[in-house]
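All figures in this text were calculated on a predicted structure; none of them were measured in a lab. All values below come from the heavy atoms of this structure, side chains included, with hydrogens, waters and symmetry mates left out.
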Amino acid sequence: MADRPHGASLPAWIERQDQITKESAEAYRQARMTAEAEQAERVLTRGTANREMDRLAAERRRRALA
């Protein structure tokens, strides 16, 4: 095995590879959760902005009719 240092036991090498895989999966999970939270925040902000734009447009129409 090219990645396994000479003299290292196969079970230890397999255990380390398993640990690397677990750490990688956890990092991916954390990144995904962060991305989803950021997306949710953008959706919330967009909704707030849209409501404010609608309110301002209604105010302009009201003033134009007055």
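- In terms of the side-chain contact (heavy atoms from CB on, under 4.5 Å) criterion, residue partners of Ala58 (sequence neighbours excluded) are, by chain and number, Arg61.
- Shown here are the side-chain contact (heavy atoms from CB on, under 4.5 Å) partners of Leu65, two or more places apart in sequence or in another chain: there are none.
- Applying the salt bridge (Lys or Arg N to Asp or Glu O under 4.0 Å) definition to pairs two or more places apart or across chains, none involves residues 37-46.
- Looking at Thr21, its side chain does come within 3.5 Å of a backbone N or O of Gln17 through a donor-acceptor pair.
- Applying the salt bridge (Lys or Arg N to Asp or Glu O under 4.0 Å) definition to pairs two or more places apart or across chains, those involving residues 10-20 are Asp18-Lys22.
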* **Criterion salt bridge (Lys or Arg N to Asp or Glu O under 4.0 Å) on Glu59 and Arg63, from CA distance to verdict** => CA-CA 6 Å; Glu59 180 66 19; Arg63 287 183 182 174; 3.0 Å; yes
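- With sequence neighbours excluded, the residues that form a side-chain contact (heavy atoms from CB on, under 4.5 Å) with Arg29 are Glu26, Met33.
- With sequence neighbours excluded, the residues satisfying side-chain contact (heavy atoms from CB on, under 4.5 Å) with Arg32 are Tyr28, Glu36.
- A distance of 13.5 Å separates CE in Met53 from CZ in Arg51, rounded to the nearest 0.5 Å.
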